[in-house]
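Computed from heavy atoms alone, side chains included, the values below leave out hydrogens, waters and symmetry copies. First the proteins, then the strands, lettered A, B, ... as listed; each starts at 1. Note that the structure is predicted; figures quoted are calculated from it, not measured.
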Protein chains: 4
Amino acid sequence: MPKKGLKIATIGGGSSYTPELVEGFIKRYDELPVKDLYLVDIEEGKEKLEIVGNLAKRMVEKAGVDINIHLTLDRREAIKDADFVTTQFRVGLLDARIRDEKIPLKYDVIGQETTGPGGFAKAQRTIPVILDICKDIEELSPDAWLINFTNPSGIITETVLKHTNVKTIGLCNVPIGMVYGVAEMLDVDVERVSIDFSGLNHLVWGTHIYLDGEDITERLIDSFAGGRSMSMKNVPDIPWEPEFIKSLGMYPCPYHRYYYLTDKMLEEEKKEAATEGTRGEQVKKLEKELFELYKDPNLNVKPQQLEKRGGAHYSDAACSLISSIYNNKKDIHVVNIKNNGTILDLPDDVVIETNAVIDRNGAHPINIGHVPTKIRGLMQSVKAYEELTIEAGVTGDYYTALQALTIHPLVPSSTVAKKILDDIIRENIDYLPQYK
Amino acid sequence: MPKKGLKIATIGGGSSYTPELVEGFIKRYDELPVKDLYLVDIEEGKEKLEIVGNLAKRMVEKAGVDINIHLTLDRREAIKDADFVTTQFRVGLLDARIRDEKIPLKYDVIGQETTGPGGFAKAQRTIPVILDICKDIEELSPDAWLINFTNPSGIITETVLKHTNVKTIGLCNVPIGMVYGVAEMLDVDVERVSIDFSGLNHLVWGTHIYLDGEDITERLIDSFAGGRSMSMKNVPDIPWEPEFIKSLGMYPCPYHRYYYLTDKMLEEEKKEAATEGTRGEQVKKLEKELFELYKDPNLNVKPQQLEKRGGAHYSDAACSLISSIYNNKKDIHVVNIKNNGTILDLPDDVVIETNAVIDRNGAHPINIGHVPTKIRGLMQSVKAYEELTIEAGVTGDYYTALQALTIHPLVPSSTVAKKILDDIIRENIDYLPQYK
Amino acid sequence: MPKKGLKIATIGGGSSYTPELVEGFIKRYDELPVKDLYLVDIEEGKEKLEIVGNLAKRMVEKAGVDINIHLTLDRREAIKDADFVTTQFRVGLLDARIRDEKIPLKYDVIGQETTGPGGFAKAQRTIPVILDICKDIEELSPDAWLINFTNPSGIITETVLKHTNVKTIGLCNVPIGMVYGVAEMLDVDVERVSIDFSGLNHLVWGTHIYLDGEDITERLIDSFAGGRSMSMKNVPDIPWEPEFIKSLGMYPCPYHRYYYLTDKMLEEEKKEAATEGTRGEQVKKLEKELFELYKDPNLNVKPQQLEKRGGAHYSDAACSLISSIYNNKKDIHVVNIKNNGTILDLPDDVVIETNAVIDRNGAHPINIGHVPTKIRGLMQSVKAYEELTIEAGVTGDYYTALQALTIHPLVPSSTVAKKILDDIIRENIDYLPQYK
Amino acid sequence: MPKKGLKIATIGGGSSYTPELVEGFIKRYDELPVKDLYLVDIEEGKEKLEIVGNLAKRMVEKAGVDINIHLTLDRREAIKDADFVTTQFRVGLLDARIRDEKIPLKYDVIGQETTGPGGFAKAQRTIPVILDICKDIEELSPDAWLINFTNPSGIITETVLKHTNVKTIGLCNVPIGMVYGVAEMLDVDVERVSIDFSGLNHLVWGTHIYLDGEDITERLIDSFAGGRSMSMKNVPDIPWEPEFIKSLGMYPCPYHRYYYLTDKMLEEEKKEAATEGTRGEQVKKLEKELFELYKDPNLNVKPQQLEKRGGAHYSDAACSLISSIYNNKKDIHVVNIKNNGTILDLPDDVVIETNAVIDRNGAHPINIGHVPTKIRGLMQSVKAYEELTIEAGVTGDYYTALQALTIHPLVPSSTVAKKILDDIIRENIDYLPQYK
């Protein structure tokens with residue numbers, strides 16, 4: 001019999017996303033009896049934690065559910081005996097993200113939160129912290145599940161799987177967003193749509209799309225090629241080339257634009273940076289507005305405006321996943337987990353993003369075998385970059401870091417890689433203990 | 001929207017198992033609207049077909065469902081436009097099975113319907129027929145699913161997958177029987193038990209056993225070791241060695257006795273053959289009695305006595321599988337399907353028996369990766385035998401057949417293999433066109 | 001006993017390289033008794049064939065060896081009963097190469113004979129011709145070895161292995177050139193140097209370098225990093241970044257500059273194109289001068305000036321390989337052959353460039369296993385491009401061609417890929433029967 | 001430049017094989033300048049060491065080479081700064097071997113020094129000792145090559161590779177014996193014969209046989225099938241079934257008789273045991289006679305009679321291998337080394353017996369890929385046994401040991417496995433510290 005009265009610890013609890021998470025737990029209260037939700041943050045995030053935490057308290061009160069919201073700066077207290085730990089922290093806050101976007105742009109390279117050198121920098125800052133958190137989990141709640149949605153989610157999840165004993169599943173809202181995107185295009189209930197996903201986090205292809213189990217990939221491809229698109233708040237919605245999308249024959253994720261439409265995306269990014277500011281700068285403004293809203297003592301539900309923020313479905317996917325584990329549901333989620341031969345073209349010990357059956361024992365990927373040649377090379381090449389990024393993040397080895405950046409498909413040469421790397425290390429040195 | 005009014009063709013419709021199949025369709029009529037059930041048989045099986053077919057008609061009438069039972073000797077008529085084809089035929093009838101049991105016993109080798117030389121002989125007789133049936137399906141109902149439960153089920157399924165374009169899934173009642181066995185041992189509802197299966201048909205290990213998702217393998221192993229057992233009607237219930245079962249640490253299938261307890265099983269078989277007759281001889285008697293029962297014009301349900309026959313859950317598993325496909329259920333069944341990297345220790349193109357998610361597009365195996373070393377070698381060695389058996393069955397090459405039998409773990413030498421092979425060919429020559 | 005009096009057919013016999021080939025056979029006459037050397041060319045190459053063929057005749061006469069030089073436009077006569085067929089033809093001649101260089105440059109993309117879109121175009125022109133030649137070999141000399149050094153050598157060799165029954169080995173002068181480069185740097189005899197090569201044609205890494213069997217990789221890397229370099233006539237000798245080369249820790253081939261130093265190489269190419277002309281244009285001039293030299297009736301040896309041409313060691317490597325096969329030498333050459341698991345990170349059926357033992361039965365690669373992560377991704381990604389390039393070359397499928405170009409690491413987007421592809425097809429249409 | 005004046009340490013130097021080893025070094029003195037040969041033994045072997053050591057001294061004196069023979073019981077002194085360490089010790093001496101032969105025979109199971117339960121027992125005794133020796137090498141001569149020919153050679157080599165940092169190559173005289181066997185059959189010089197070997201130690205198949213590089217496998221198979229055979233002193237020469245050998249189509253090693261002709265071999269073993277004694281008992285007598293000979297102060301060469309002993313070519317293969325390493329020869333030997341993907345059907349980290357190029361850096365296997373299905377299963381199944389045997393030998397885990405024996409193809413059941421295991425442990429307990 002599953003235990004009643006769950007304890008959840010949310011690292012980075014002061015995040016603007018927290019209301020969605022709280023809403024997710026409230027909605028599922030009958031099937032997922034959360035008793036204690038610990039929102040943890042660091043000193044610098046104390047004010048935000050107070051604001052969002054008080055909103056959370058009003059939300060549960062309004063909903064009439066018996067969830068205790070705890071606000072704390074003591075991570076170990078939160079983790080102790082937790083059943084689930086979720087992570088949504090951002091080392092260096094939005095200012096670091098803005099730097100991540102601006103450094104590559106100086107060298108005419110895509111500057112993006114998770115893809116390319118920006119993602120590399122974020123990984124280097126995040127890896128020491130996640131390893132630290134995992135040490136706490138190993139000690140204080142070794143049976144807890146870590147549900148990671150700290151970006152770059154695939155890389156962080158792989159770091160945890162390779163370097164700790166913590167049970168973890170990585171999450172991202174891109175796949176679920178793609179399913180919603182298809183449902184919208186077809187104007188059908190989202191439950192009727194399913195997609196076979198193959199790939200890596202933020203580099204995932206929908207290889208087959210189904211409506212009520214019928215394969216409608218070809219039909220949909222035609223309508224993508226005809227101009228309809230699906231993107232995310234974070235990613236400029238540049239349209240695909242019709243012939244390209246037909247030749248691909250599958251559903252690329254929004255982040256694929258950085259690879260398949262590099263030139264146009266770079267141009268767009270540069271234009272945006274020069275006018276409205278980088279995406280990070282825009283988000284910083286949005287966040288300010290959100291937290292103003294959150295302060296309103298009359299607000300006791302998740303405000304509509306959160307959706308502009310870009311993380312739609314993120315927290316809901318997390319609550320849904322937690323419920324599937326807790327209730328041994330054996331339903332299918334798209335998650336970041338150890339490959340273990342699921343995709344035969346990648347090493348066994350790396351993390352992939354893929355459909356998996358979720359039960360009380362975790363995520364069990366559905367076998368894929370070999371992927372089509374046309375997506376194989378890019379997937380392999382980004383995975384090699386990710387593996388070196390993790391190794392660099394753990395060891396702080398400069399040469400490994402230089403190779404990681406050099407082989408990233410969006411970095412044009414070892415010369416540029418070196419310049420970007422040197423800038424990243426210099427500008428982030430306070431967050432990079434491993435490089436000291 | 002899925003089509004209404006399904007057509008099912010059952011090859012070997014005169015089998016004594018048919019009432020269970022009919023019962024399975026009746027039970028599921030609401031979710032699985034079968035309109036036409038074609039029971040096909042050959043001239044020699046005409047009488048049985050009449051008997052069992054009439055019972056089937058009485059059963060649907062009694063149940064008040066609108067399923068039309070068609071009895072026919074015209075296979076092509078049955079297959080034409082079928083949505084599902086199920087196979088449960090036995091080339092050479094029970095007399096062939098009895099020969100399969102007796103030939104190996106002459107040489108002090110396990111004589112069994114599906115395991116060892118008996119299974120080899122059965123495969124050689126069945127392969128030409130299944131290939132013929134598949135030609136009809138390719139021509140007359142290319143979109144139909146072939147649900148194969150003709151034995152040796154794994155070998156026959158692999159033959160179809162390697163040598164035809166027919167969509168097929170192989171079934172066996174052993175895994176479902178093992179789940180029922182555990183439920184009985186624990187005295188719990190069968191729905192609460194689940195097992196991770198890895199292996200081949202009739203050589204499948206339950207690597208982990210769960211109750212409500214909790215891993216109870218170790219606890220169960222102890223109770224197996226303490227003497228509790230689970231077997232099948234077909235397989236003598238010799239108890240496992242306690243130390244052996246503990247060292248194995250997983251749940252062997254009943255047929256594993258032929259490999260792990262060869263000496264005792266052989267002794268038991270010889271004793272049985274000398275007294276009650278081989279299992280085939282016993283079944284022949286049982287069948288006679290069953291058909292006597294079936295003739296009773298007042299009988300309009302599946303008779304209790306069918307369960308002694310040994311195929312419990314077989315047909316029910318088939319109906320359940322068909323319903324999962326038809327209804328796009330995405331639930332988990334244990335099936336025989338193409339490996340495709342699910343078990344990394346076996347070739348990609350062979351058939352394995354494993355847990356798979358079933359939907360409208362077929363069976364999608366849940367990734368396994370590498371299996372434990374202790375079960376790896378036997379699995380690989382029997383698979384090599386199976387591959388050669390298929391090649392011999394398709395080509396009729398004597399040398400390939402000799403290698404197949406020689407490398408079977410239950411055959412002690414190439415000398416004995418040759419004697420058995422020569423006997424098999426001589427005694428089955430009417431059913432072995434490929435060897436002529 | 002090996003046959004005496006070999007027949008060799010050289011397709012593209014009018015090439016300026018032919019004197020090196022003839023010299024190679026003359027040098028080895030004692031161990032490799034060539035009796036008939038057929039130089040084959042097409043109508044457009046007739047004049048060159050005459051010139052170079054007559055030089056070849058003077059060379060063998062001067063050397064006093066009994067090799068008969070045959071000049072012919074009849075390919076089938078040359079191939080019939082040949083023991084070895086060598087290929088060094090260039091479909092569309094140097095004018096096609098110049099186009100291959102110029103089209104990508106229009107879009108700010110590397111324009112190179114074998115790497116990137118230029119190599120793609122060359123492959124599309126060459127594949128139909130090589131398949132045609134192989135048909136002749138299959139019919140007229142099925143036991144002959146095809147020694148391919150037509151570029152892109154890896155792609156052409158893989159095409160032959162995947163789509164014909166011809167026994168083939170692909171050759172390139174890059175690896176042998178790298179060995180010579182090291183010997184020069186160390187000022188030692190070339191026989192004392194050996195290198196472990198891993199990779200693809202024109203994308204091969206020297207993973208370990210040995211002097212008399214002692215691993216001197218680290219020492220050499222330091223001296224590369226210190227500024228010493230090794231390049232080829234075809235590839236501008238841009239120096240490596242010292243930190244980059246140290247972080248790589250192995251010996252990149254000259255063509256790696258296109259990937260690791262893309263920005264500088266592109267700049268250099270554009271400058272060169274604007275001044276001396278593209279490499280193809282320069283070669284065209286050189287060739288003219290060479291053929292003027294070749295006409296000299298007093299010339300009866302390979303002229304020094306051939307070395308400027310850029311193909312040093314090419315023909316010598318071919319003669320040496322042929323001799324190792326003929327004499328069952330079991331020595332080690334670097335060749336392009338079927339992977340077959342040699343590099344575990346690439347598919348089994350693709351061609352790799354690697355060290356192999358050569359004997360009468362062909363080339364037997366020395367096992368590599370997994371390659372280091374830092375070179376894995378680029379190797380895999382270029383191989384995926386190569387596989388699609390072959391598929392496009394054989395089928396003429398536009399979409400496959402578009403995917404091939406899009407995924408090439410040097411092509412920045414699907415938009416640019418499409419433009420380049422359309423230009424390639426339009427400007428080469430006379431040589432692309434498969435696209436008509 | 002390679003170092004002059006090598007130091008060799010031979011563990012088990014008191015073995016009757018030592019004169020062949022000494023002869024091997026004398027023969028190669030010009031290319032392999034051994035300065036110090038340390039013959040090491042244990043207290044119990046002191047007398048033999050004296051006898052054979054003095055013979056060795058007379059041999060080098062007679063030959064006039066400057067090799068110093070050192071006799072010592074101090075293993076660490078011998079290993080210190082050695083260039084090569086060779087091992088030929090036998091834990092428990094011949095009495096242990098005789099027990100290994102007799103225990104299985106009690107249960108009607110093949111009783112053999114290296115194959116089956118006998119080999120298992122020998123491995124359990126040897127593993128603790130070899131790990132101890134390797135600790136000394138790691139400390140005292142970390143750059144030394146360990147040339148292992150202690151049996152079971154493949155298992156011991158795999159133990160060293162998996163559990164130590166010692167550079168090692170395993171050797172066996174079976175493959176070289178098979179090459180000699182073919183040369184004899186054809187009556188040609190042994191240098192003209194070569195064989196492609198695939199498999200495991202004492203389970204190696206000659207997949208292709210060449211004379212001067214020409215594939216003569218088929219011709220030879222016919223002559224095997226016609227009755228000609230090749231065996232070893234240790235293995236009764238039971239003739240192969242003609243049809244079997246034709247269906248196999250390759251060259252089985254003598255030890256394959258235990259698998260392919262189990263029944264006849266068992267019968268022969270039982271007969272022999274009842275009359276002349278087990279092979280171990282016979283060898284014990286032979287050894288006594290040999291040492292009587294060795295004592296003769298006039299003997300100063302290897303005596304003819306040593307050949308009856310059964311280890312022909314063993315020591316010579318070792319000297320030849322050492323010379324290839326020392327001289328960076330790049331010639332081909334058949335050795336036991338890490339698979340690393342050479343045979344795709346076995347794990348990467350296991351040891352296989354295969355053709356490899358030998359140079360100063362060790363043994364580099366020539367790629368094999370997938371092996372034919374007919375030999376795949378047996379190879380995989382014995383390898384699984386070997387892996388468990390190593391694990392049991394290192395950990396002393398009873399359950400692992402029981403699984404190892406149960407899955408061995410020659411052990412008929414878990415019941416018999418348990419009986420044999422219990423006997424082995426009881427009778428060898430003094431040599432099995434890991435089981436205490």
So OG of S413(C) and NZ of K264(A): to nearest 0.5 Å the spacing works out to 7.0 Å
Would you please go through residues 395-403 of chain A and name the residues with a non-hydrogen atom below 4.5 Å from one of chain C, in numerical order? Y398(A), Y399(A), L402(A), Q403(A)
Okay, T406(C) and chain A: the region with an atom under 4.5 Å from a heavy atom over there is side chain
How many angstroms lie between OG1 in T415(A) and CH2 in W240(C), if you round to the nearest 0.5 Å? 10.0 Å
Shortest non-hydrogen contact between R376(C) and A384(A), atoms and distance: NH2-CA, 3.8 Å
Separation of K418(C) NZ from E243(A) CD (nearest 0.5 Å): 4.5 Å
With side-chain contact (heavy atoms from CB on, under 4.5 Å) as the criterion, how do L261(A) and S414(C) come out once you've worked through the C-alpha distance, each side chain's angles and the decisive distance to 0.1 Å? CA-CA 6 Å; L261(A) 296 168; S414(C) 57; 3.7 Å; yes
Quick one: closest heavy-atom pair of P412(A) and T262(C), and the distance? O-OG1, 2.9 Å
Proximal component of I407(C), with respect to chain A [non-hydrogen, under 4.5 Å]: side chain
Atom NZ of K271(C): over 12 foreign heavy atoms under 6.0 Å: no
With a 4.5 angstrom heavy-atom cut-off, could you sort out which part of K374(C) is near chain A: side chain, backbone, both or neither? both
Identify which of L346(C), D345(C), V382(C), D263(C) forms the greatest number of heavy-atom pairs closer than 4.5 Å to chain A. D263(C)
